[in-house]
2 protein chains.
Amino acid sequence: MQNINNHLQIYCFLANFNLGIEVFKMQKQDVTIYDVAREANVSMATVSRVVNGNTNVRKETRDKVLAVIDRLHYQPNAVAQGLASKKTTTVGVVVPGLTNLHFAELAKGIDDIATMYKYNIILTSIENNVIDNGNVIQSILNKQVDGVIYMCNTMSPKATEAFSRANIPVVLAGTIIDNDHFGSVAIDYKEADRKALELLWKDGKKNIALIVDDKEAYINRGFRIKSYRQFLADHGIKSEYIYDNILTFEDGYNLFAKLYSDGIDAVVTTKDITAAGIVNAALDSQVSIPEQFEIISATSTNIAKIVRPQLTSIQQPLYDIGAVAMRMLTKLMKNEDVAEKNIVLPYQILKHNTTLNK
Amino acid sequence: MQNINNHLQIYCFLANFNLGIEVFKMQKQDVTIYDVAREANVSMATVSRVVNGNTNVRKETRDKVLAVIDRLHYQPNAVAQGLASKKTTTVGVVVPGLTNLHFAELAKGIDDIATMYKYNIILTSIENNVIDNGNVIQSILNKQVDGVIYMCNTMSPKATEAFSRANIPVVLAGTIIDNDHFGSVAIDYKEADRKALELLWKDGKKNIALIVDDKEAYINRGFRIKSYRQFLADHGIKSEYIYDNILTFEDGYNLFAKLYSDGIDAVVTTKDITAAGIVNAALDSQVSIPEQFEIISATSTNIAKIVRPQLTSIQQPLYDIGAVAMRMLTKLMKNEDVAEKNIVLPYQILKHNTTLNK
DNA sequence: ATGAAAGCGCTAACAA
DNA sequence: TTGTTAGCGCTTTCAT
């Protein structure tokens, strides 16, 4: 409802814009490498060498050139550099939606390392329920990015094909996809989920459910759900409770009634924002947490510590995942050796107040 | 502390990478506009026209070219396009840190409109307490972005200078800066804060404090703080309580003790994440909200509804601000007329449970 | 409606 | 150590 209002509001504003059009005069860049060369009495090649830190330049020459660069406020045109060198020092970062902290914390790790290595980031989001026909991927590929960090849980065939044709390195960050051409940095999702489930079991909970965003995503299909079924089998539990397509705070809040009527007494959720919804719904229904109902979130952002009672969660090293993924990408982009293309980082289960056992 | 751990962890990982280097073989793009032209028996110019939707092409010719494009999987090189046309269909988005939802919700508005108009986004973050010497700004300018959305609360002289030399449109989103060369989309911060303060006053609170992130930011210095002082003057209040540099949940949590000992009974905070910290600290200190202590957040993200009691807050139309800013930017980039370069959007004060008066 | 040709600003052989 | 030159892949006049 609020979303609808938002959108109505904006369309009104957009409609009210004046649509007059002026002629656009194209103009060349004011000061180019050629100007610097002329002013410094050297060739373009020498200026280029100075700009790129090539050591084959006499110190006096270098200083002379730098002085001119400074005086003219010369700045290299990265587009021209990119065309000539076939390297753009730009990486594509593909995320599944912008409005979640999980992405933000990963992105910080990526950004810090990217900045350290002087790469710029082209950010592209593929919203969850939008069918990606590969266009957005193709669009960043056309921009000649040197590599891509991919954070979505699925990849369309078109996108896969586009990546393979582009022949640039791709590293998955905080996700796993059924494609071993890509590097990856993640945690052991299968093990982490199993530990969370055992924790709930040890607390005496019997009807434990799994709540996921997208059943078909490989990370769920291939790890979380497998882990859950293994857990059920090992404990001789017959009934399986998997709730799918739970994405937002509201989804979580609204799901609780169903969980309750299904007799569920503990859940592992994919996202802490949905866990927050469940917690609040439980409290509003006078269900006591953790005595009557336990929750563990498989993901932990700032939200996990704001919710009261504070969420027990699997704490992934989000910043590290982003940073290590980006570091791996810089190596792949420079064709340096990478010892291990599939890195598994450690995680912790932080026991707070949505579980009994401390 | 957690941050320190994070960083230690990552440095270990980075250090363990193998550093072997291979020679990098540069290769030309596989299929270019030239290949298409040859295969279709037309000139490059014609292919270019087809690619760019120029209508001056016979239908048969167009179809023939499109067939070849399809067969060869031709994709235009955006870098070459950018160099030749001096337009990159890329915009820079500058944000003050990645890890807050306030940015994320604005970014979604920006991203949606950018996608609609086929612009890519180069995302750059300027972390709060880092002195920006203009390098990150210059770096995106060198990439020849066609325009910039700027979301930080301050701008260094170097950055200002770089923008003015680059001569591209800049639109401020959700912020105000002391520079009228830029377009802007925001709400009336002065009025909104005043209304929040009056609300607290009407509830009988007498010692009302203002909590800001950065006293020197123009948006605070020129609007919020002015508004606060006017409020004090109008009510004949002598003592001014402004708390500066409160940025995180923990900052808010830790600040509460001081607020309490200073005799504060109500606050307006800049960010809802710090408000959340204050709320939790108050509850942990057995101070009842809103009876003994009231809080209004001047910003409202998803966090405002997760905190219990739910935050009373000034709800800015974040999505709209981003979307309208981006829409304005598209117009400026195409040299179209823009009726009003400084747009003020409506806001609401959402009364929830951290204030008495409903 | 189509083609020829001159750049866009830079890098990177290759020479000197 | 420095300069010459030929592109990188595309757009855009200007002819035709």
Side-chain angles (χ1 to χ4, degrees), chain A residues 23-65 68-69 72-90 141-144 146 166, chain B residues 23-65 68-69 72-90 141-144 146 166:
Chain A
V23 179
F24 183 65
K25 301 154 287 287
M26 218 170 356
Q27 49 184 352
K28 309 207 313 180
Q29 186 167 320
D30 42 4
V31 30
T32 72
I33 200 172
Y34 179 79
D35 299 313
V36 176
R38 180 170 35 72
E39 290 289 312
N41 282 311
V42 295
S43 70
M44 286 161 56
T46 298
V47 179
S48 175
R49 288 185 189 104
V50 171
V51 167
N52 293 298
N54 185 316
T55 48
N56 280 349
V57 184
R58 205 153 40 103
K59 184 170 185 328
E60 306 160 41
T61 317
R62 170 182 311 278
D63 291 344
K64 185 173 60 176
V65 171
V68 174
I69 285 177
L72 301 188
H73 298 295
Y74 167 71
Q75 290 289 343
N77 180 325
V79 174
Q81 288 179 316
L83 183 57
S85 69
K86 316 195 71 53
K87 289 209 181 69
T88 56
T89 59
T90 303
L141 260 20
N142 291 350
K143 293 256 153 102
Q144 312 300 117
D146 296 336
Chain B
V23 179
F24 183 65
K25 300 154 289 286
M26 219 172 351
Q27 50 184 355
K28 310 207 312 180
Q29 186 168 319
D30 41 3
V31 30
T32 72
I33 199 172
Y34 179 79
D35 299 313
V36 176
R38 181 169 33 71
E39 292 288 312
N41 282 310
V42 296
S43 71
M44 286 162 54
T46 298
V47 179
S48 176
R49 287 186 189 104
V50 171
V51 167
N52 293 298
N54 186 316
T55 48
N56 279 349
V57 184
R58 205 152 40 103
K59 186 172 183 327
E60 307 159 41
T61 317
R62 171 182 309 279
D63 291 344
K64 185 172 62 177
V65 171
V68 174
I69 285 177
L72 301 187
H73 298 295
Y74 167 72
Q75 289 290 341
N77 180 324
V79 173
Q81 288 179 315
L83 183 57
S85 70
K86 318 196 71 53
K87 289 210 180 65
T88 57
T89 58
T90 303
L141 261 19
N142 290 350
K143 294 256 152 104
Q144 313 300 117
D146 296 336

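Quick note on labels: first sequence line is chain A, next is B, and so on, each numbered from 1.
- Among the protein residues, B:N41 comes within range of the sugar-phosphate backbone only, with heavy atoms under 4.0 Å from sugar or phosphate atoms but none that close to a base.
- The interatomic distance linking B:N56 (CG) with C:dA1 (P) rounds to 5 Å, in whole Å.
- Among the atoms of the strands shown, only primed sugar atoms or phosphate atoms (P, OP1, OP2) are found under 4.0 Å from some heavy atom of B:N77.
- Atom NZ in A:K87 sits roughly 7 Å away from atom P in C:dA12 (whole-Å rounding).
- Of the candidate nucleotides C:dG9, C:dG3, D:dG3, C:dG3 has the atom lying nearest to any side-chain atom of B:A45.
- The shortest side-chain heavy-atom distance between A:V65 and A:V36 falls under the 4.5 Å cut-off.
- Residue B:R58 places at least one side-chain N or O closer than 4.0 Å to OP1 or OP2 of C:dT2.
- Formation of a donor-acceptor pair under 3.5 Å by the B:T88 side chain with backbone atoms of B:G82 is not found in this model.
- Put simply, B:T61 has a side-chain N or O that comes within less than 4.0 Å of OP1 or OP2 on C:dT2.
- Mapped onto DNA chain D by nearest heavy atom, B:Y74 and B:R49 fall at different nucleotides, with B:Y74 at the one closer to the 5' end.
- Between A:K143 and B:T89, the side chains place a donor N or O and an acceptor N or O closer than 3.5 Å (distance only, hydrogens not considered).
- Separating the NZ atom of B:K143 from the C1' atom of C:dG9 is a distance of 16 Å, rounded to the nearest angstrom.
- In this structure, B:N142 reaches neither bases nor backbone, as no heavy-atom distance under 4.0 Å exists between it and the strands shown.
- As rounded to whole Å, 15 Å separates atom P of C:dA1 from atom NZ of B:K64.
- Rounded to whole Å, atom P of C:dA5 lies 13 Å from atom OH of B:Y34.
- When distances run from any side-chain atom of A:L83 to the nucleotides C:dC10, D:dC8, D:dT1, the shortest one goes to D:dC8.
- For B:Q144 and C:dC10, the CD to C1' distance is 11 Å, given to the nearest whole Å.
- Comparing C:dC10, C:dG7, D:dT2 against the side chain of A:V57 picks out D:dT2 as the nearest.
- No engagement by B:V79 is indicated, since no non-hydrogen atom pair under 4.0 Å with the nucleic acid exists.
- Between C:dT11 and A:N52, a contact under 4.0 Å exists linking OP1 or OP2 to a side-chain N or O.
- Protein atom CD1 of B:I33 is 14 Å distant from nucleotide atom C1' of C:dA4, rounded to whole Å.
- A sub-4.0 Å separation between OP1 or OP2 of D:dG7 and a side-chain N or O of A:K86 is absent.
- Dashed line: the shortest gap from a side-chain N or O of B:S43 to OP1 or OP2 of C:dG3 is under 4.0 Å.
- Contacts of B:S48 with the nucleic acid, taken as non-hydrogen atoms under 4.0 Å apart, include base atoms.
- Comparing A:P76 and B:T46, the nucleotide of DNA chain C nearest to each residue sits closer to the 5' end for B:T46.
- Put simply, the side chain of B:N52 never gets that close to the backbone of B:R49: no donor and acceptor are under 3.5 Å apart.
- Side-chain contact check for B:Y34 versus B:V47: every heavy-atom pair is 4.5 Å or farther apart.
- Considering only heavy atoms from C-beta on, B:K64 comes within 4.5 Å of B:V42 through its side chain.
- You'll find that the side chain of B:Q81 is closest to D:dT11, out of C:dG9, D:dG3, D:dT11.
- Atom CZ of A:R62 is separated from atom P of D:dT2 by 9 Å (rounded to the nearest Å).
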